[in-house]
Amino acid sequence: MSNNLFEIVEEPIEINAIIKKVERREAGAITTFIGTVREWTRGKQTIYLEYQAYIPMAVKMLAKIGEEIGEKWPDTKIGITHRIGRLDISEIAVAIAVSSPHRKAAYEANEYAIERIKQIVPIWKKEHWSDGETWIGDQLENVPYESGRPNVKDVE
Amino acid sequence: MSNNLFEIVEEPIEINAIIKKVERREAGAITTFIGTVREWTRGKQTIYLEYQAYIPMAVKMLAKIGEEIGEKWPDTKIGITHRIGRLDISEIAVAIAVSSPHRKAAYEANEYAIERIKQIVPIWKKEHWSDGETWIGDQLENVPYESGRPNVKDVE
Amino acid sequence: MMITILLFAHLQETVGKDRIELPIEQLTVMELKTALKQTYPLLELDHVMTAVNEEFARDNSKVTAGDIVAFIPPVSGG
Amino acid sequence: MMITILLFAHLQETVGKDRIELPIEQLTVMELKTALKQTYPLLELDHVMTAVNEEFARDNSKVTAGDIVAFIPPVSGG
């Protein structure tokens with residue numbers, strides 16, 4: 001993993017590496033958010049997920065979220081890594097680390113980051129359920145698109 | 001580090017070990033809070049900290065916080081480890097990990113845990129400043145006690 | 001010079017490819033969507049966001065040869 | 001049988017030891033505090049919490065020989 005604060009990666013995410021990026025001697029609090037692949041969603045079983053991203057724009061949008069946070073919580077430092085490709089149950093899809101001199105800002109900025117990721121970062125999740133597959137249509141997971149022609153592989 | 005969810009330890013805290021304790025296939029979100037030793041507090045420089053605990057009661061109170069969280073956020077699982085002894089700048093004093101099917105509860109329960117730790121868990125911090133030492137008298141860091149007789153070493 | 005169109009997620013699967021190149025000099029995002037709907041079964045284009053050169057754009061934004069246009073269905077990262 | 005009193009943080013440094021044993025059969029937390037203040041410079045006892053056998057207790061709680069009493073100054077963990 002590189003030293004870039006905002007990354008889209010294809011390898012497993014190492015949470016310690018993300019924490020390292022935001023550690024500072026003046027920071028007494030670090031919050032992390034780890035989003036993992038959940039097996040059960042409203043009674044439906046996920047077998048695995050596939051994430052696809054418009055990579056250059058996704059990195060740009062993650063950096064934009066970082067800028068927004070820098071304005072709202074000036075003393076914080078944030079790092080975000082999102083993984084794409086095939087992910088199995090319990091694997092880490094996204095990790096967010098925020099350091100801050102005091103804890104309140106670290107919690108708030110962290111939660112803001114994940115909310116914004118679900119709004120503006122061009123990343124898409126395809127659920128492979130036990131009974132079929134669906135591209136998830138929004139972050140509330142209640143607007144699934146109908147599955148397109150299968151076997152057309154993602155290229156990005 | 002053991003498998004106990006609530007621990008007081010004297011060795012460095014491994015954040016991955018705490019996360020492992022709360023991972024579950026039905027949990028899609030894990031939040032962590034890492035409290036580190038901050039070098040600067042309101043313009044005063046810390047050289048190192050000493051934490052002392054009433055260990056058996058501290059473990060009991062951490063478990064009580066876990067029970068409170070289980071009532072307020074039933075789907076969460078929480079692990080808390082607090083370190084005692086001498087800690088240098090940037091070392092981890094406390095780590096809290098909360099897993100949950102959905103992220104909101106993971107943030108809320110985590111923040112609740114650190115607030116409660118600062119209220120009811122018998123752990124005390126002695127700041128060794130560049131210009132003296134002080135037992136910190138409350139979690140707001142604004143009621144320092146006058147330093148007692150120096151060189152009387154902690155026994156616990 | 002071409003306009004490059006990038007497709008993702010279900011749009012990519014619907015069309016059967018991840019990019020389309022069109023030999024057009026200039027048009028608006030809305031005109032581009034209309035043109036694409038005549039060739040491909042992409043009715044959802046009315047409901048997706050558009051990015052031009054990696055920045056979100058409006059339906060009346062101009063697209064010029066050399067630009068990269070991406071259609072951004074509701075995202076589901078995180 | 002003794003009552004064991006545990007001292008922490010600045011209380012421990014003030015008294016110069018981390019525990020005191022007193023040969024008393026029974027008394028209240030308040031009476032224990034009063035007794036200790038006569039022997040040690042522990043005026044702060046009026047402002048600290050008390051735990052009996054690892055549970056927070058009130059000033060009128062009973063302490064019996066065999067119990068472990070801990071004085072808990074405002075905590076500063078985290």
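Note on naming: letters A, B, ... go to the chains in the order of the sequence lines (proteins, then strands), and numbering restarts at 1 for each one.
Per-residue heavy-atom pair counts under 4.5 Å with chain B were compared for A/Ile15, A/Thr46, A/Thr36, and the maximum is reached by A/Thr36.
Judged by distance alone, the side chain of B/Thr31 and the main-chain N or O of A/Thr32 form no donor-acceptor pair under 3.5 Å. Distance alone, capped at 3.5 Å, places no donor-acceptor pair between the A/Arg25 side chain and the B/Arg38 backbone.
From B/Asn110, atom CG reaches atom CZ of A/Arg103 across 11.0 Å, with rounding to the nearest 0.5 Å. Summarising the geometry, atom NZ belonging to A/Lys104 is positioned 6.5 Å from atom CD belonging to B/Glu115; distances are rounded to the nearest 0.5 Å.
Contact annotation for residues 88-96 of chain A against chain B (heavy-atom separation below 4.5 Å, listed by residue number): A/Ile89, A/Ser90.
Interface remark: A/Ala29 contributes backbone and side-chain atoms alike to the contact with chain B (heavy atom separation under 4.5 Å). Both the backbone and the side chain of A/Glu111 have a heavy atom closer than 4.5 Å to some heavy atom of chain B.
Pairs of residues two or more places apart, or lying in two chains, that qualify as ring pair (Phe, Tyr, Trp, His ring centres under 6.0 Å) and include a residue from residues 19-38 of chain B are A/Tyr107-B/Phe33.
Heavy-atom neighbours of A/Lys64 NZ from other residues, nucleotides or ligands within 6.0 Å: at or below the threshold of 12.
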